[in-house]
2 protein chains.
Amino acid sequence: MSTREKQSAITGAFAAEFVKSPSLRKAHRPRSISEQIADEVGSDILDGVFGTNRRVGEQDLAERFQVSRGPVRDAIRILEKRGLVEIFPRRGAFAVEHSLTLIADMFNVQATLTGLVARCYVMSITPAGIAEVETEIAKFREMDNSKNIDIIEFTFQSARIFGAMKRHCKNEYLVRIMGSVTDESLWDFMWRRQPLDYLTKDQRSQGIAKWEEIVDAARDGDDKKAEGLAQQILYDSRDNVLETMKKSRPESISADRLLTNSKTK
Amino acid sequence: MSTREKQSAITGAFAAEFVKSPSLRKAHRPRSISEQIADEVGSDILDGVFGTNRRVGEQDLAERFQVSRGPVRDAIRILEKRGLVEIFPRRGAFAVEHSLTLIADMFNVQATLTGLVARCYVMSITPAGIAEVETEIAKFREMDNSKNIDIIEFTFQSARIFGAMKRHCKNEYLVRIMGSVTDESLWDFMWRRQPLDYLTKDQRSQGIAKWEEIVDAARDGDDKKAEGLAQQILYDSRDNVLETMKKSRPESISADRLLTNSKTK
DNA sequence: ATAAAGTCAATTGTTGACAATTGACAATTA
DNA sequence: TAATTGTCAATTGTCAACAATTGACTTTAT
């Protein structure tokens, strides 16, 4: 077994932060053991813990988390739907290759879906829809002006802005897909990489300004503009995260292949 | 138990067609029992079999398919990642509400992702990428000119064109997400609704022409144009399918809310 | 020495039983 | 009567054992 040996059970440092900020999670939906296992293993995959031997064995995880194979099977299925492992019937699950390309691809998909959310949001805009998003934006600005800034809370609040937008985008299928597939793993990953983006007040203002522009576009009914703005938010995050990762991983590949946002517009 | 009573086991008429056209499936990836259960139950959900009582009980399905609850649990997880059921921990799974809105939402998401595939395809275009897609398009044209036209084969061949494009789109994460989440359920559904679109030779030509335009756009390196064309293909399918469904369900809701492709472009 | 066939340990798929939780109904009390 | 609490059947979560399959290794024959 080549996976990292750690008897951390299901209460890692990262899982603890979930508990500290439960308001982001759906109310009355406790995180099951399977989800917690999936969170930890998913983090490991994105961190590149699974090396050349990319096997994710059921027995291995069962022993690591001190549970039986049942919950582990569920966890592996969760990781598959997040696109972090591939399951080959009767042969087992394998972690996807850890690379900057993978991270970039995830952000690019997320950017497209976020853009669609913004477009749907604008196309079915209501006064309540505008108000709720503005409320969350206001909270962000408030945090931004307070003395003690909590980096983690910034990312949570940023997610709440998008959450309000999702609540009013009138495409429940899209919201469901995003929530269970790309969203969580992406945010989880960003929560550990993104803080560097929020170090300066300027950068924070720049980020929040785009959300405000989306609301402005909503008032104008310009769904295409909102879509582009939302995509750009994710593209900016992508570039920042990749930049951070490249600094700590000098052997990384060239960045050309990582860009998906078209320049021919 | 309010679900439809049918002791069809895992070899329904629909599953049989899979076997008849295995080339579309990934080679060496046999369909597991769980996947077959998910296929049948997913079809039922899209057909609206689960009425006001939308519960999808594990025991019910286990008895219906004559297996234990293990594979059924897997099947329900598959349905969740396809966005067809919602799972509430310790409370069970519930089928999403069957409505034209759901179908439209699925197509709209699929259109966006298909557009992204096309854009990635163009942005990383290679001679081989052009050749393979053109080969599949040629097969379609060949079928179109032959005497005995097989409606089912048309849809399969149409999927092969898109499959070739996915193979060259250089975003494995996107392909993985589409394959395991939105793609199969959408195609499964279309395979039973779409044939009406291919009744006339004109309509078939019109459909295939868009794919050819995408290849042309690839030669020009116009990824934005390819994205729009790909989206339009799905929007056309959406409109046809919805039209078909509305004829058989006169009580359906107004169509305004179903459209997501922007008119402001 | 090479290739084919056979063997076997490791791993996943499946099963049935047991534990824990939930939501509804009934009993109790103010 | 209305609200609260207690009880219980139904359902999902978890577990350990068994069955089936796979991939690698060994053996064997040419």
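The structure presented is a predicted model; accordingly, all values stated were derived computationally and were not measured. Lettering follows sequence order; numbering is per chain, from 1.
For A/Thr182, the side chain to side chain donor-acceptor pair (under 3.5 Å) test picks out A/Gln110, with sequence neighbours left out. Under the rule for a salt bridge (Lys or Arg N to Asp or Glu O under 4.0 Å), the partners of A/Arg73 that lie at least two apart in sequence or sit in another chain are A/Glu58, B/Asp74. In this view, A/Thr112 satisfies the side chain to side chain donor-acceptor pair (under 3.5 Å) rule with no residue, not counting sequence neighbours. In terms of the side chain to side chain contact (heavy atoms under 4.5 Å, CB included) criterion, residue partners of A/Gln59 (sequence neighbours excluded) are, by chain and number, A/Glu63, A/Arg69. Residues meeting the side chain to side chain donor-acceptor pair (under 3.5 Å) test with A/Arg167, sequence neighbours left out: A/Glu132. Not counting sequence neighbours, the partners of A/Glu136 by the side chain to side chain contact (heavy atoms under 4.5 Å, CB included) test are A/Lys139, A/Gln157, A/Arg160, A/Ile161, A/Ala164. By the side chain to side chain contact (heavy atoms under 4.5 Å, CB included) test, B/Val117 is found to be paired with B/Phe162, B/Met165, B/Lys166, B/Cys169, B/Leu174, B/Met178, residues two or more places apart in sequence or in another chain being considered. For the side chain to side chain contact (heavy atoms under 4.5 Å, CB included) test, residues two or more places apart in sequence or in another chain that qualify with A/Ile125 are A/Tyr121, A/Ile130, A/Ala218.
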*Go through the steps for B/Asp39 and B/Arg82 under the test salt bridge (charged side-chain N to carboxylate O under 4.0 Å, His left out), then give the verdict.*
CA-CA 10 Å; B/Asp39 283 343; B/Arg82 291 185 188 171; 3.2 Å; yes
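Remark: B/Glu80 CD to A/Ser180 OG distance equals 5.5 Å, nearest 0.5 Å.
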Short N/O separations, protein against nucleotides 7-9 of chain C, under 3.5 angstrom:
none

*What string of B, S and - do you get for nucleotides 11-17 of chain D 5' to 3' if you count protein non-hydrogen atoms under 4.0 Å?*
SBBBB-B
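Going from atom CD of B/Gln36 over to atom C1' of C/dT14 covers 15 Å, rounded to whole Å.
In the helix from C/dA1-D/dT30 to C/dA30-D/dT1, the terminal helix axes, each the rotation mapping four pairs' C1' atoms onto the next four within five end pairs, subtend 10°, rounded to 10°.
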